[in-house]
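Have a look at the structure below before the remarks.
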Amino acid sequence: MADVEIKVENIVASATLGKSLELPRIAPALENVEYNLEQFPGLVFKLKEPKTAALIFGSGKLVCTGAKCIEDSIKAIHMTVDKIRELDPEIPEEFEIKIQNIVASANLGKVLNLEAVALDLENTEYEPEQFPGLVYRLEDPKVVLLLFGSGKVVCTGAKTADQAQLGVQKTKERLIELYLIEE
Amino acid sequence: RLRKWQRKIRISGATERNLAFALSELDRDSSRLGLPRSVRESASVVYRNAVENKLIRGRSIEGVVAASLYAACRRCKVPRTLDEIADVSRVSKKEVGRTYRFLTRELHIRLPPTSPIDYVPRFASELNLSGVVQSKAIEIINQAMENGLTSGRGPTGVAAAALYIASVLLGERKTQRDVADIAGVTEVTIRNRYKELTEQLDMGVNL
DNA sequence: ATCTTACTTTACAAAGC
DNA sequence: GCTTTAAAAAGTAAGAT
């Protein structure tokens with residue numbers, strides 16, 4: 001069977017800089033920043049290119065969201081950290097970055113009868129009164145998929161693009177096995 | 001042994017107090033929703049099961065009562081929407097839905113999604129529509145299901161559109177506003193659904 | 001009536017309430 | 001559990017035009 005094509009839509013990555021940060025001093029010196037301790041302990045910093053948003057914490061850890069590929073996510077983190085380093089030269093050049101979550105979309109190419117899928121497919125939740133998508137939890141790879149009547153799919157929880165691709169691939173194969181979609 | 005005895009009494013006392021509170025809460029919500037006694041009993045069974053399996057931890061009694069009622073309504077085929085449940089209880093729609101999913105998962109209750117058909121009798125009677133119109137609406141809904149026109153759509157919207165179409169076809173016309181208000185959806189939703197239904201099913205008539 | 005904006009669901013990290 | 005961020009899917013809603 002031809003491999004299903006997936007499109008990575010969002011990547012969440014975290015980084016540990018190894019040195020605590022003085023947010024109250026850093027915040028006013030940066031552009032595109034939001035910092036409201038009452039609201040959220042992190043400083044929100046947005047980049048236009050790559051279009052991402054970073055959450056920076058006093059502990060020296062940060063979270064980067066919005067990138068469409070791992071390269072951009074890493075690039076965005078370095079651009080963000082370089083900006084902070086201008087205000088705090090003590091920040092190490094090397095630090096750990098970890099991809100925490102990848103969200104991808106795909107199209108099975110066939111419409112789905114969700115009420116039938118809900119009956120035959122295991123580990124699903126389908127509550128059209130609340131949300132139009134059917135939630136399917138796969139154990140291997142450990143990802144969660146949202147299946148729609150149109151045949152479009154969203155896969156989240158993956159750590160790598162391959163995991164997301166495999167998740168969609170397995171889902172499609174399982175649906176074919178159960179005669180829920182044609183081959 | 002004495003201390004253990006006292007402790008047991010104290011705990012069972014609290015347990016019974018909680019159960020009494022839960023049941024009165026359940027009665028209050030049920031009467032506001034106009035539910036038959038059979039549904040209240042079904043809900044109390046779900047609630048007791050939740051207690052026996054210690055599923056109340058970290059959750060409010062009101063929330064579990066509301067979720068038990070929601071589940072019972074669905075099981076008994078006299079559905080109430082999450083909005084209707086949330087309106088009579090002091091629990092948000094989000095929490096009722098979340099608790100419902102938790103209970104059904106933990107108690108291994110597997111209820112199929114509510115069929116639009118289950119809403120037909122209630123909506124029709126509130127609209128004073130005849131049994132003939134109800135039958136026609138059900139026929140339309142069945143056709144819609146066979147043609148994949150219900151996947152992902154809210155059951156109330158589908159039921160509302162089917163009733164609206166049936167009322168027009170059989171000369172008991174109701175306005176979209178009337179149907180929308182009773183079904184708890186907007187006129188836009190009814191319009192979207194009936195366009196879909198009339199275009200993809202051959203109803204033979206035009207509205 | 002149609003457009004725009006926004007909220008529902010999924011996953012995930014961060015620090016603190 | 002919540003708060004904040006990002007993004008997709010499709011349905012529904014609300015306010016504006």
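Just the heavy atoms: all of them, side chains too, but no hydrogens, waters or symmetry mates, feed the values below.
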Dot-bracket encoding of pairs in DNA chain C, which uses [ ] for pseudoknotted crossings and | for another strand, Watson-Crick or G-U under 3.5 angstrom = ||||||||.|..|||||
Whole angstrom is fine here: how far is it from CZ in F40(A) over to P in dC17(C)?
-> 13 Å
The correct set of residues in residues 60-90 of chain A placing a heavy atom under 4.0 Å from DNA chain C is K61(A), V63(A)
Can R59(B) be said to sit on top of F102(B)'s aromatic six-ring, NZ or CZ under 6.0 Å from centre and within 45° of the ring axis?
-> yes
If you measure only the distance, is there a donor-acceptor pair under 3.5 Å linking the side chains of E122(A) and Y136(A)?
-> yes
Side chains of D178(B) and T175(B), donor plus acceptor under 3.5 Å = yes
Does any donor atom in the side chain of S167(B) or E172(B) lie under 3.5 Å from an acceptor atom in the other side chain?
-> no
Using the C1' atom on both, measure dC3(C) against dA7(D) and round to a whole Å.
-> 23 Å
Assign each of F148(A) and T186(B) the nucleotide of DNA chain D bearing its closest heavy atom; nearer the 5' end lies the nucleotide of F148(A)
Is there a donor on the side chain of T156(A) or the base of dA11(C) sitting less than 3.5 Å from an acceptor on the other?
-> yes
So which nucleotide from dA14(C), dT9(C), dT12(D) ends up closest to the side chain of F131(A)?
-> dT9(C)
For the side chain of F57(A), counting heavy atoms from C-beta on, which of dA14(C), dA14(D), dA11(C) is nearest?
-> dA14(C)
Ranking dC12(C), dT12(D), dC2(D) by distance to the side chain of R98(B), first place goes to dC2(D)
For atom P, what is the distance between dT4(D) and dC7(C), given to the nearest Å?
-> 11 Å
Between protein and nucleotides 1-7 of chain C, map the contacts as a letter string: B base, S sugar-phosphate only, - none, heavy atoms under 4.0 Å, written 5' to 3'.
-> S------
Are Q130(A) and R101(B) linked by a side-chain donor-acceptor pair shorter than 3.5 Å?
-> yes
Nearest-Å distance once atom P is located in both dT10(C) and dG1(D) | 11 Å
Taking the side chain of V12(A) as its heavy atoms from C-beta onward, which of dT5(D), dT12(D), dA13(C) lies nearest to it?
-> dA13(C)
